[in-house]
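When a residue number appears, it is its place in the shown sequence, counting from 1. Note that the coordinates shown come from a computational prediction; the quantities given were computed from them, not determined experimentally.
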Amino acid sequence: MSDIFISYASADRERARLLADALSQKGWSVWWDRTIPPGKEFDQVIEEALDAAKCVVVLWSKTSTASSWVKTEAAEAMRRKILVPALIDETKIPLEFRRLQAADLSQWQGEHSHPELEKFSRSIEENINSTVEPVPDAKPPPQPPPMRPQPGEPPRPLYTHREQPAAKSHTKWVALGVAALVAVLAGFFFYREHAKRVELEQTIAREKAEQAERERIAKEEAAREAASRKAEDDRRAADRTAQAKAAREQAERAAQLKAAQEQERAAKAKAAQQQAEADRERQQRLASAPKSMNLDWNDNAIRYSGTLSWTSADASLRFTAYDARTGSRIGNYTLPAQVPTQGRSNYVVSGSISVSSDSVSPYPHEHSINLYFNTGQGDGSLRFIQNCPRPGECYPGR
């Protein structure tokens, strides 16, 4: 009996030899060399070694996962709960064996102090220590079938005398021996055929159970994968729904902002229009309303006092002239004037009057009038600045 049975593909023989040497160094007996002694059948030797092992090590590789022998040996070890798997390259373990965690020896090159080999050895030791020796079933030895008389055998005659001829007595015992031998051989053949049939039925039942277990595992794996796919699809659908909702909310906020901006622009435009209309109405009222201002001015000899009046259509300057020294009244006068224009910075009323005399010139003569106004008030009003009857000669207004 070997402690460890190593199952591997022929292409991985060198890796199996390295592992067998390493495990043997730890004091275990290892069966791994599949050289068949003369006179032995291959499957018989493998089966005996597999049944006798306390622990079965399966080396999974790209080659062994396609080997029916390796999978059969792994299934038997898994049934006995003595399987310790190991990966020796990057491959995918067959579905029915994925429930067991496999040691990763893909980077192991035969060194005895490798950490993965240490963990692997501890798993083997636990399996060997927990293995219980199977007790073989006690089977009764095969019983030969009861002897039956051979067909066509004539009944033995009854003799009244004890003495029988010697030749006849010898023939009788030979016939009985032959019949017994035939019966024994028939019983042995029957037992052997029955045992083979029972073994075949047990093998078929075991294979059916293993196939059912593999199908169950495959269904569970498919169900888990389907559930995982469904969860992923649900998550993606939820993400798409959340993104669509966020996009709608963003579009709604943008539309609301745009509407608010449009309303604000419309309100500003309406307010500007209303303000413009109010300004026009005010300007129209200012322009259409009659305006006037009282004026007092003088030149070198005459003092003037009058009123400048204007509307949107015409303007006039009405005043009375007085002698500046004596204060005597000289006369009343009216001069046409220009209508003040909105926006101009100054405004001039010009003209001349004839007088018979004054204290400066006691004979008939004329006085020029050039009244300067400032129109920069913005409301149509005027501010009198000065009278300049001649260039360089100006008199400020009063």
Side-chain angles (χ1 to χ4, degrees), residues 258 260-398:
K258 184 178 180 181
Q261 292 174 346
E262 292 293 337
Q263 291 178 357
E264 184 178 0
R265 283 195 294 269
K268 288 182 178 179
K270 184 177 180 181
Q273 182 179 3
Q274 292 175 349
Q275 183 64 36
E277 291 177 354
D279 291 343
R280 284 196 300 271
E281 291 177 356
R282 182 174 60 83
Q283 292 173 2
Q284 289 175 358
R285 286 195 302 270
L286 290 175
S288 60
K291 299 178 179 63
S292 63
M293 65 182 303
N294 297 323
L295 300 176
D296 290 303
W297 73 95
N298 63 283
D299 56 17
N300 64 329
I302 300 177
R303 179 176 59 84
Y304 305 91
S305 179
T307 301
L308 176 65
S309 301
W310 70 92
T311 65
S312 59
D314 58 6
S316 64
L317 178 61
R318 294 182 176 85
F319 59 91
T320 301
Y322 299 92
D323 188 283
R325 291 183 180 179
T326 62
S328 59
R329 180 174 176 275
I330 297 175
N332 294 326
Y333 302 91
T334 299
L335 291 177
Q338 296 178 350
V339 178
T341 303
Q342 184 76 18
R344 293 177 58 180
S345 61
N346 54 58
Y347 175 66
V348 180
V349 176
S350 299
S352 61
I353 61 173
S354 297
V355 297
S356 58
S357 64
D358 56 37
S359 58
V360 176
S361 301
Y363 49 81
H365 60 277
E366 290 187 355
H367 282 257
S368 297
I369 298 175
N370 291 300
L371 304 181
Y372 288 84
F373 299 86
N374 184 284
T375 60
Q377 307 305 311
D379 57 355
S381 62
L382 300 176
R383 183 172 67 86
F384 178 50
I385 299 175
Q386 61 187 358
N387 174 36
C388 297
R390 284 179 295 275
E393 182 183 350
C394 294
Y395 303 89
R398 291 179 293 157

Problem set entry | Glu262: partners by side-chain hydrogen bond (donor to acceptor under 3.5 Å, both in side chains), with sequence neighbours left out |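 Only Arg265 meet the side-chain hydrogen bond (donor to acceptor under 3.5 Å, both in side chains) criterion with Glu262.
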For this session: Not counting sequence neighbours, which residues clear ring pair (Phe, Tyr, Trp, His ring centres under 6.0 Å) with Phe319? List them please.
Result: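 In terms of ring pair (Phe, Tyr, Trp, His ring centres under 6.0 Å), with neighbours along the sequence ignored, Phe319 is linked to Trp297, Tyr304, Tyr333.
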Exercise. Got a donor-acceptor contact below 3.5 angstrom from the Asn387 side chain to the Asn298 backbone?
Worked result: yes
Problem set entry | Short side-chain to backbone donor-acceptor contact, Asn370 and Cys388, under 3.5 Å |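 Confirmed, Asn370 side chain pairs with Cys388 backbone.
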Between atom [atom1] of [X] and atom [atom2] of [Y], what is the distance when rounded to the nearest 0.5 Å?
X: Phe384; Y: Leu308; atom1: CZ; atom2: CG; answer: 10.0 Å
X: Gln275; Y: Arg280; atom1: CD; atom2: CZ; answer: 10.5 Å
X: Lys268; Y: Gln261; atom1: NZ; atom2: CD; answer: 10.0 Å
X: Asn332; Y: Ile353; atom1: CG; atom2: CD1; answer: 10.5 Å
X: Arg318; Y: Ser292; atom1: CZ; atom2: OG; answer: 10.5 Å
X: Ser361; Y: Ile302; atom1: OG; atom2: CD1; answer: 9.0 Å

What I'd like to find out is whether the side chain of [X] reaches to under 4.5 Å of the side chain of [Y], using heavy atoms alone.
X: Asp358; Y: Arg325; value: no
X: Leu295; Y: Leu317; value: yes
X: Asp299; Y: Arg390; value: no

Exercise. Can you list the residues that meet the side chain to side chain contact (heavy atoms under 4.5 Å, CB included) rule with Ser356, with sequence neighbours excluded?
Worked result: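 Scan of Ser356 (side chain to side chain contact (heavy atoms under 4.5 Å, CB included), adjacent residues dropped) gives none.
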Exercise. Looking only at heavy atoms, what is the nearest atom pair of Ser352 and Leu335, with distance?
Worked result: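 It is O-CD2, 4.0 Å.
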Problem set entry | Non-hydrogen atoms of Arg329 and Tyr322 that approach each other most closely |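 Closest pair (atom of Arg329, atom of Tyr322, distance): CA-CD2, 3.7 Å.
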For this session: For Ser305 and Arg303, test the side chains for any donor-to-acceptor distance below 3.5 angstrom and give the result as yes or no.
Result: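 No, because no side-chain N or O of Ser305 sits under 3.5 Å from a partner of the opposite role on Arg303.
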For this session: Give the ring-plane orientation class for Tyr363 versus His365, where under 30° counts as parallel, over 60° as perpendicular and anything between as tilted.
Result: perpendicular
